[in-house]
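Working notes for the structure below.
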2 protein chains.
Amino acid sequence: MKSPLEKARKNPESMKARILAAARRIFGEYGFHGTTTRMIAKEVGIDISTLHYHWGDKNDLYEAVVMDVNNDLGKEFLNLEKIVHTSTLEERMNIALDRMTDYLFDHPEVSNLVLFRYFSKTRNEVDIDFKVPEFSGNIAHAMGLTKDAKNPLSRAMMEVMIIMNGMHSFVSGENYFRSMLKLDRKNYIDLVKETLKFILIPAFVLREEKMKKGRSRPSSKMTQEKKKSKVKPS
Amino acid sequence: MKSPLEKARKNPESMKARILAAARRIFGEYGFHGTTTRMIAKEVGIDISTLHYHWGDKNDLYEAVVMDVNNDLGKEFLNLEKIVHTSTLEERMNIALDRMTDYLFDHPEVSNLVLFRYFSKTRNEVDIDFKVPEFSGNIAHAMGLTKDAKNPLSRAMMEVMIIMNGMHSFVSGENYFRSMLKLDRKNYIDLVKETLKFILIPAFVLREEKMKKGRSRPSSKMTQEKKKSKVKPS
DNA sequence: TTTTGATTCCATCAATTGATTGAATGGCTA
DNA sequence: TAGCCATTCAATCAATTGATGGAATCAAAA
């Protein structure tokens, strides 16, 4: 027997799936308490009783939405991992940031829902977090952040989270930031990418530099190509 | 005649001020729709009609909270500016990140409310943003990010926002992240500072390096004081 | 003391909200 | 056709929520 979520994903035209999609959007915009089941039903064009028939109560639906979004995000990370094998660290980060940013701007409710889960409490003690796998650990591992002993897992996970939060913030805050900067969407997205790369990449590249020099083993082409900008170990 | 907000700030023991303080906490935790006026009244230990007597309706109170938090944040930026004149860019950023992080961890509702304003919509179209001055521009200027022609205002503001958002995220997400990493509060805060500094500082230091080399013209005091910085020109 | 004004709470309302019931609807099979 | 089952909706509930009116309280002024 499949879970309701799997059923809904199987046929995107089904009522179950249409409700879930609408719920993602609305919950993403207004948060749990800011969303009423009527808002979702109206978005789909159905009665609330139909919504409850398919998804149970509001908490159940919200839980399904969170799982669904998390699932999508997980898939996206897998795809990313496949693409990003090659080249230097700098190049890998460039590609990953580009791709991930594009994905999130195409699915802003993903960022919205992730941030809601991080930052806000729900009045009723719905504890769905224990069901939601956290990717930070995996990503940290995939990025090779946990390879050196000086960088324990929690530190590596923090580094992943600051990267992810940077992206999520600019995606979720698009309305706010964009109207502040008076930019159109395309220019905003370009500026986001530029800023993310400018801020996030150097730290990692420099550390890699240091580590390699520390070992005094110039192995990859990475060391050579970065000769021109380096920090002297203090 | 003073504004209600000024009155409340004048005497922290007054009912007006106590309600405002409670409202900051509760709105910060649960967001606008997640908060009921009864929750705030209960926190203070009063009846809801007393709350409405002092602050009008829920929107008015929320507006006052946002203005209050924004005001505090502005003051904190001013204090920071006074302290942070000296030393190298790297040192200035170290101090600023330390101080700002401490402040936000001491007043987490500030981060919460800022993020709520950035990321979530309110069902009723309360448009208080036009009243809320945005500091990003000032900070960008104070940090000297707008001095070179290559870095237009919007780019500089994005850089400020990624810094602020990094701090806000770790403060607001403390519960979530800390339980994920299984750290106590002190260790978490230390790790946050370490991570923020590791990620955020190198990009700016490197850029400053490059600019100086590019111009090969030591003009302002900024440029001179950096001679002894840790970053060695290759 | 009486009066005045500010403050607080109790009782109550109307609207909203989450949720259910039971009656239709329509497709499928025996 | 009749029976069965899944789906949908109108009607309705009970609880919650934002908000108000009016009585009670209290301190300072007259």
Side-chain angles (χ1 to χ4, degrees), chain A residues 1-8 10-23 26-27 29-66 120-126 128, chain B residues 1-8 10-23 26-27 29-66 120-126 128:
Chain A
M1 189 61 176
K2 292 183 177 245
S3 80
L5 201 55
E6 288 166 40
K7 267 196 240 170
K10 203 169 127 188
N11 178 10
E13 299 303 316
S14 70
M15 181 57 72
K16 233 183 168 62
R18 284 169 55 207
I19 296 173
L20 187 70
I26 312 277
F27 276 129
E29 280 188 68
Y30 298 95
F32 181 81
H33 290 296
T35 299
T36 69
T37 52
R38 280 170 176 83
M39 289 164 69
I40 300 172
K42 193 179 174 187
E43 169 104 348
V44 184
I46 56 168
D47 190 271
I48 39 166
S49 44
T50 304
L51 183 150
H52 285 109
Y53 170 79
H54 284 286
W55 286 107
D57 68 18
K58 193 186 175 185
N59 284 320
D60 295 334
L61 177 55
Y62 186 71
E63 187 171 329
V65 163
V66 170
S120 69
K121 281 189 192 167
T122 314
R123 252 143 53 197
N124 44 28
E125 65 309 329
V126 199
I128 58 180
Chain B
M1 189 62 178
K2 290 183 179 247
S3 80
L5 202 56
E6 288 166 41
K7 269 196 241 172
K10 204 168 127 187
N11 178 9
E13 299 304 316
S14 69
M15 183 53 74
K16 232 183 169 60
R18 284 169 56 208
I19 297 173
L20 187 69
I26 311 277
F27 275 129
E29 279 187 69
Y30 297 95
F32 181 81
H33 290 296
T35 299
T36 68
T37 52
R38 279 171 177 81
M39 289 164 69
I40 300 172
K42 193 178 173 188
E43 170 102 349
V44 184
I46 56 168
D47 189 89
I48 38 166
S49 44
T50 304
L51 183 151
H52 285 109
Y53 170 78
H54 284 286
W55 287 107
D57 68 17
K58 192 186 178 186
N59 285 320
D60 296 333
L61 178 55
Y62 187 70
E63 187 171 330
V65 163
V66 170
S120 69
K121 281 189 193 168
T122 315
R123 251 144 53 199
N124 45 27
E125 64 309 326
V126 199
I128 58 179

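Below, chain A is the first sequence line, B the second, and so on; all start at residue 1. It should be emphasised that the depicted structure is a prediction, and the values quoted were computed from it without experimental measurement.
- Computed from coordinates, the A:His52 NE2 to C:dA19 P distance equals 4 Å when rounded to whole Å.
- Counting only heavy atoms from C-beta outward, the side chains of A:Phe32 and A:Lys58 approach each other to under 4.5 Å.
- Residues B:Tyr30 and B:Thr35 are in side-chain contact: their nearest non-hydrogen atoms beyond the backbone lie under 4.5 Å apart.
- For A:His54, a side-chain nitrogen or oxygen approaches OP1 or OP2 of D:dT8 to under 4.0 Å.
- Listed nucleotides D:dG18, C:dG18, C:dA6 differ in distance to B:Tyr53; the shortest reach to its side chain belongs to C:dA6.
- With rounding to whole Å, A:Ile19 atom CD1 is found 10 Å from D:dT8 atom C1'.
- As a whole-Å value, the separation of A:Lys16 NZ from D:dA6 P is 12 Å.
- Taking the side chain as every heavy atom from C-beta outward, B:Ile46 and B:Ile19 approach each other to under 4.5 Å.
- Judged by atom type and distance alone, A:Ser49 does not reach the base of C:dA19 through any side-chain donor-acceptor pair under 3.5 Å.
- One can place CG of A:Leu61 at 11 Å from P of C:dG18, the figure rounded to the nearest angstrom.
- Atom CD1 of B:Ile48 and atom P of C:dT12 are 14 Å apart (whole Å).
- Rounded to an integer number of Å, the gap from CH2 of A:Trp55 to P of C:dA19 is 15 Å.
- Contact of the A:Leu20 side chain with the A:His54 side chain is not registered, since no non-hydrogen atoms from C-beta on lie closer than 4.5 Å.
- Distances shown here put every side-chain N or O of A:Arg18 at or beyond 4.0 Å from the OP1 or OP2 atom of D:dT7.
- If A:Arg38 and A:Asp47 are placed on DNA chain D by their nearest nucleotide, the residue sitting closer to the 5' end is A:Asp47.
- Whole-Å rounding puts the B:Asp57 CG to D:dG18 P distance at 10 Å.
- Taking atom CG on B:Leu51 and atom C1' on C:dT8, their separation rounds to 12 Å, with Å as the unit.
- Side-chain contact between B:Leu61 and B:Ile40 is present, with heavy atoms from C-beta onward closer than 4.5 Å.
- For A:Thr36, whose side chain is taken as the heavy atoms from C-beta onward, the closest listed nucleotide among C:dT17, D:dT17, C:dA19 is C:dT17.
- Between B:Val66 and B:Phe27 there is no side-chain heavy-atom pair separated by less than 4.5 Å.
- In this structure, B:Ile46 reaches the sugar-phosphate backbone alone: every heavy-atom distance under 4.0 Å involves primed, P, OP1 or OP2 atoms, never a base.
- Among the protein residues, A:Thr50 comes within range of the nucleic acid bases, having at least one heavy atom under 4.0 Å from a base atom.
- Between the CG atom in B:Asp47 and the CZ atom in B:Arg38 there is a gap of 8.5 Å [rounded to 0.5 Å].
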Restricting to nitrogen or oxygen on both sides, can you table the protein-nucleotides 23-28 of chain D pairs closer than 3.5 Å?
none

